[in-house]
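What follows is a set of notes on a single structure, which appears directly below.
Numbered from 1 within each chain, the chains take letters A, B, ... in sequence-line order. These numbers come from a predicted model, not from an experiment. Note: hydrogens, waters and symmetry copies are ignored here, and every other heavy atom, side chains too, is used.
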Protein chains: 2
Amino acid sequence: MMSDDASALSTAQRLRQEIENDIAAGHLMPGERLDEVSLANRFHVSRTPIREALQQLAMAGMVEIRPRRGAVVASLTPERLYEMFEVMAELEAMCCRLAARRLGPADAVALEKAHRACEAVRQDHDAYYRANEGFHKAIYAASGNDFLAEQARQLQRRLQPYRRLQLRVRNRVQNSFSEHERILAALMAGEGEEAAGIMRPHVQVQGERFSDLIASLKLMGAA
Amino acid sequence: MMSDDASALSTAQRLRQEIENDIAAGHLMPGERLDEVSLANRFHVSRTPIREALQQLAMAGMVEIRPRRGAVVASLTPERLYEMFEVMAELEAMCCRLAARRLGPADAVALEKAHRACEAVRQDHDAYYRANEGFHKAIYAASGNDFLAEQARQLQRRLQPYRRLQLRVRNRVQNSFSEHERILAALMAGEGEEAAGIMRPHVQVQGERFSDLIASLKLMGAA
DNA sequence: CTCATCATTCTTGTATACAAGAAAGTGTCG
DNA sequence: CGACACTTTCTTGTATACAAGAATGATGAG
């Protein structure tokens with residue numbers, strides 16, 4: 001039996017994923033230097049594939065390469081961060097609109113499951129953070145537009161180091177969960193615009209929440 | 001006086017741009033093989049920076065790298081193409097919404113200028129194609145969201161090889177121009193939703209236009 | 001004549017050597 | 001004591017050598 005292993009990854013791509021994970025997980029902080037030799041030693045490869053991985057990350061916006069001066073983890077200004085959240089909100093709103101129209105039985109089941117997973121852990125910030133990610137990804141998938149889903153996941157990943165801080169704010173988890181509930185209901189009812197309208201402010205970081213984000217950003221020590 | 005030359009590009013980045021231009025310009029066709037040695041000879045460099053450029057292009061979705069089997073210009077299935085146009089339409093609609101709210105005097109001038117440039121060349125398909133690009137880019141810029149503008153430009157670039165074929169369809173230029181006119185008027189009047197509503201179908205490729213696209217796609221010989 | 005198997009050739013993947021620019025450390029002079 | 005120039009060290013950028021997998025072509029059997 002042949003497994004059409006389309007998921008075959010080159011070494012550089014695997015390395016990219018590893019480093020990307022470290023960035024998304026907050027193990028590598030914005031502004032931090034990415035030394036080619038250290039990375040090469042760490043992964044037991046030469047600098048060549050490491051450099052290829054760094055070039056990929058640069059295109060993904062996760063690192064910044066200053067010619068002749070090395071690569072650093074990309075650090076975003078508050079303005080840019082705001083812009084990215086604004087786009088993220090719109091992409092997710094779009095996912096809602098499409099999902100409401102195209103929702104299949106399998107998608108509906110996956111959505112409810114993801115939602116109940118959130119409910120189960122809403123006392124635990126960190127666990128909720130992960131479950132929340134699952135709920136949002138279920139919506140991307142339900143949009144029926146694979147390209148859109150990929151774009152959404154990619155941007156979500158890029159914002160992850162910053163988003164993590166968001167849920168620590170008092171009552172945020174509780175509010176988040178009840179917003180999920182309303183979104184889910186709207187999707188099931190086929191009310192795309194309704195769902196989109198709830199999703200937008202759910203994702204976007206405005207007003208007080210933005211100030212909170214900036215404050216915690218300073219705590220991170222990002223340049 | 002100091003010119004903060006942030007535009008300093010590494011060799012790999014320059015090479016990426018060159019190859020990307022060839023793809024966008026249709027000089028390199030979808031499915032075409034990108035031989036590392038040939039490219040290295042052509043640009044008078046070794047394979048190393050070429051490979052770095054190819055990794056970047058892979059992340060940008062412009063080429064596909066099959067491990068151990070080399071890189072080819074990415075060729076999109078009709079489904080994926082449809083999905084990408086759907087997202088493009090939404091991004092541009094979002095630009096409209098934001099631009100209508102935030103439009104500054106400089107943006108307004110730039111928009112009108114770009115529009116008149118379109119008008120001046122509407123007898124010439126190829127010239128209109130370029131002017132059209134300018135009009136859309138002016139809207140991206142007017143959104144006031146630099147990240148959004150970059151995303152829009154990047155996706156536009158990716159769709160360029162396919163979009164080129166669109167305007168050849170009978171009357172498409174005339175229709176396009178009159179849609180521009182209505183979008184411009186709505187933007188100037190601050191009617192963001194109105195502008196977005198015209199932009200969406202202006203960009204999205206649906207119904208007959210999609211069939212036309214698929215037909216010309218087959219002519220391209222893309223796998 | 002067609003298909004399968006093996007040898008050959010070509011291309012990609014990786015390490016390494018070397019070149020050259022940036023950073024850091026040292027000493028001297030004001 | 002502080003600033004500046006110079007030297008040394010370290011890091012990145014590029015080419016090249018070699019290894020290994022894929023494509024290609026030849027040869028032989030059915």
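Residue-level contact check: Arg69(A) touches the backbone only, with heavy atoms under 4.0 Å from sugar-phosphate atoms and none from bases. At a threshold of 4.0 angstrom between heavy atoms, the contacts of Ser10(B) with the nucleic acid are absent.
Atom-to-atom, CZ of Arg68(B) to C1' of dG21(D) comes out at 5 Å; the value is rounded to the nearest Å. Remark: P of dG13(D) and CG of Leu34(A) are 13 Å apart, rounded to the nearest angstrom. Taking atom CZ of Arg66(A) as the reference point, atom C1' of dG21(C) lies 14 Å away to the nearest angstrom. Atoms CD (Glu52(B)) and P (dT12(D)) sit 12 Å apart, rounded to a whole Å. Regarding Gln13(A), its CD atom lies at a distance of 14 Å from the C1' atom of dT12(C), rounded to whole Å. In this structure, CZ of Arg16(A) is placed 17 Å from C1' of dG13(C), rounded to the nearest angstrom. The nearest whole Å value for the distance from the CG atom in Leu54(A) to the P atom in dT12(D) is 9 Å. Distance CG (Asp35(B)) to P (dT24(D)): 13 Å, rounded to an integer number of Å.
A donor-acceptor contact closer than 3.5 angstrom is absent between the side chains of Gln55(B) and Gln55(A). Using modelled atom types and a 3.5 Å distance limit, the side chains of Gln160(B) and Glu133(B) yield a donor-acceptor pair. For the residue pair Tyr140(B) and Glu150(B), no side-chain donor N or O sits within less than 3.5 Å of a side-chain acceptor on the partner.
Residue-to-nucleotide proximity on DNA chain C shows that, of Ile65(B) and Pro67(A), the 5′-proximal contact is made by Ile65(B).
The listed nucleotides are dT12(C), dA15(C), dT14(D); the one nearest the side chain of Ser46(B) is dT14(D). Taking only side-chain atoms of Thr48(B), from C-beta outward, the nucleotide of dA23(C), dT14(D), dT14(C) with the closest atom is dT14(D). If you check dT11(C), dT14(D), dG21(D) against the side chain of Thr11(B), the one that comes closest is dT14(D). With distances taken from any side-chain atom of Glu36(B) to the nucleotides dG13(C), dA15(D), dT14(C), the minimum falls on dG13(C).
Of the possible polar contacts, one joining the Glu83(B) side chain to the Phe147(A) backbone as a donor-acceptor pair under 3.5 Å is found.
For a distance-only test at 3.5 Å, the side chain of Arg47(A) qualifies as a donor-acceptor partner of the base of dG13(D).
Residues satisfying the ring-ring contact (aromatic ring centres under 6.0 Å, His included) criterion with Phe210(A), sequence neighbours excluded, are Tyr82(A).
Using a 4.0 Å cut-off, some side-chain N or O of Arg33(B) falls inside it from OP1 or OP2 of dT12(C). Between Arg51(B) and dG13(C), a side-chain N or O to OP1/OP2 separation shorter than 4.0 Å is present.
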